[in-house]
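These notes concern the structure reproduced below.
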2 protein chains.
Amino acid sequence: MTVQQDIHSSGIPVLCLSCEARHRGACGALDPDHLVGLAKTSWRHKIEPGVKLIGDAEAVDSYSNVLSGVVKLTKSLSDGRQQIVGLQFAPDFLGRPFKVESPINAEAATVVSLCSFPKAAVERIMKEAPELEHRLFKQTLIELDAAREWMVTVGRRTAPEKVASFLLTIARNIDRTVDPAARSARFDLPLTRVDIADFLALRFETVSRQLTRLRADGIIRIENNRHVTVDNMSRLEQRCGG
Amino acid sequence: MTVQQDIHSSGIPVLCLSCEARHRGACGALDPDHLVGLAKTSWRHKIEPGVKLIGDAEAVDSYSNVLSGVVKLTKSLSDGRQQIVGLQFAPDFLGRPFKVESPINAEAATVVSLCSFPKAAVERIMKEAPELEHRLFKQTLIELDAAREWMVTVGRRTAPEKVASFLLTIARNIDRTVDPAARSARFDLPLTRVDIADFLALRFETVSRQLTRLRADGIIRIENNRHVTVDNMSRLEQRCGG
DNA sequence: CGGAGACTTGACTTATATCAAAGCGTGTGG
DNA sequence: CCACACGCTTTGATATAAGTCAAGTCTCCG
């Protein structure tokens, strides 16, 4: 799909006008000219849960913005043991700059909608517009902070603390437009019990047991396996173990 | 210590001439003018093992290049549980750009020598010389890849696999000038058993047991607790579990 | 030589994994 | 519309890898 240009809206392509990636994501770094150039070669698409976006050690020839849904980033050992090493929410930028092969797998955890670009186009604009590289650098630093924070959870928290921490990070990221200091939250879990286990380095049975414990203790309510309500976020925070 | 300028060496400050950070590190991005400007405000110093360089949530007003030794990056829970979330070797750049407070602790694991700069000087030059920001971006991406790789080890490898993986990453990083594909290696462990345990999310007793097992199996030799010899790297690699 | 910190080793405990079975919800075909 | 099948989840019983507690030993230094 090629994007139409609307010369009456400061030259910003129509599809970009209300796009989250332009408001809070990588495209916010671009002036109208670059936006038009990139939009010409971009395409939006929808991906079903479980579909692989990027394979470990595979060449990738496009970058994407996550417009909605959740992407899981995973790494695997040769015998099949798997670890989720990151989650990407809207409006994160997906792709590894300066490297032909991705060091990780990326897979749609939910229905995901993406706006994708040819790798070459992004890299050309990155050279012309240092502000784009600057934004991507900042996002990468935030991802690094998150990865290290998650290492503490995976390595040093107990199973109950891990599950509570997981719920907290989902609550804070699933809809980043809501106040991160909100005292209550409702959301659909973007991951199955197996996925959550792969994220926390647990077994899915353990995840299930910890969720029923949180439910029994009145900290969360769960409807239809996926829909979670947290009435009192601070009680959940207390279960994260410092 | 302020650095003398030697106008006969293409204007490169003498101390920088043979510096690893200029050859393979962040300073390689700088032209002689910027190098001189930065060198004027830089200072080299030596740090004893165990000395804290940066505190979690503390303001930092300097950046550094690691010239020798190993720096451990840690995060802690309020009850004292600790996780090492990264190691920095020469000539890595130490510091979190674009943020006043560090999200982690940094501590000298061995004797460390640093070349430090005022934060403001680095940030000013980063604006003038996009190549510097570009290098730091690349290092950050490499650190992110390493953090994610390490998450797999912490989360999904067994204790024997963890210790073997640890030895492998030390062998490959302690002296980056040697061929990473070398078939044998000798090195001093930069970390105590307690530190290794904090890196691998194990207890130090477990680390000790796994090391004696590797020794009993003839994969490694250990002298004086710290000095390790690996005659056959591929046998060590086989113990890392894919 | 002696003392302190780092390390090893052994005996026992425990959190989480593993194995097994049954429950639930959703979509499909009869 | 029912039923049946499939994937996901819960729950229970048991096993085990790693943790904990407790001596000791080794090394390095003063």
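Naming: A, B, ... by sequence-line order, numbering from 1 per chain.
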For [X], which contact category applies under a 4.0 Å heavy-atom criterion: base, sugar-phosphate, or nothing?
X: B/T212; answer: sugar-phosphate
X: B/S208; answer: base
X: A/L211; answer: nothing
X: B/R213; answer: nothing

Where the side chain of A/R203 is defined as all heavy atoms beyond and including C-beta, which of D/dT9, C/dT16, C/dA17 is the nearest nucleotide?
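Of the options given, the side chain of A/R203 lies nearest C/dA17.
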
Identify, between B/L202 and A/L191, the residue whose nearest nucleotide on DNA chain D lies closer to the 5' end.
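The answer here is A/L191.
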
Which whole-number value in Å describes the distance from [X] [atom1] to [N] [atom2]?
X: B/E223; N: C/dA6; atom1: CD; atom2: C1'; answer: 17 Å
X: B/L189; N: C/dT8; atom1: CG; atom2: C1'; answer: 15 Å
X: B/L200; N: D/dA17; atom1: CG; atom2: P; answer: 18 Å

Polar side-chain contact [X]-[N] base: donor and acceptor under 3.5 Å:
X: B/E205; N: D/dC21; result: yes
X: B/R215; N: C/dT9; result: no
X: A/R209; N: D/dG12; result: yes

Which sits closer to the 5' end of DNA chain C, A/F204 or B/R193, going by the nucleotide each is nearest to?
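Result: B/R193.
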
Does OP1 or OP2 of C/dA17 have a side-chain N or O of A/T206 closer than 4.0 Å?
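So the side chain of A/T206 is within the cut-off, an N or O lying under 4.0 Å from OP1 or OP2 of C/dA17.
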
Any side-chain N or O of B/N224 under 4.0 Å from OP1/OP2 of D/dC28?
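Yes, within the criterion.
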
Look at the aromatic rings of A/F166 and A/F199 and report parallel, tilted or perpendicular, splitting at 30° and 60°.
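Perpendicular: the ring planes of A/F166 and A/F199 meet at over 60°.
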
Quick check: closest heavy atoms across B/N173 and B/T169, and the distance to 0.1 Å?
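Closest pair (atom of B/N173, atom of B/T169, distance): ND2-O, 2.9 Å.
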
Please test B/S113 against B/S68 for side chain to side chain donor-acceptor pair (under 3.5 Å), starting from the C-alpha separation and ending with a verdict.
CA-CA 5 Å; B/S113 83; B/S68 71; 3.2 Å; yes

How far apart are the C-alpha atoms of B/H45 and B/S116, what are their side-chain angles, what is the distance that settles it, and do they pass the side chain to side chain donor-acceptor pair (under 3.5 Å) test?
CA-CA 8 Å; B/H45 48 145; B/S116 300; 2.7 Å; yes

Does B/R221 form a salt bridge (Lys or Arg N to Asp or Glu O under 4.0 Å) with B/D231? I'd like the steps, not just the answer.
CA-CA 9 Å; B/R221 280 176 288 147; B/D231 289 316; 3.0 Å; yes

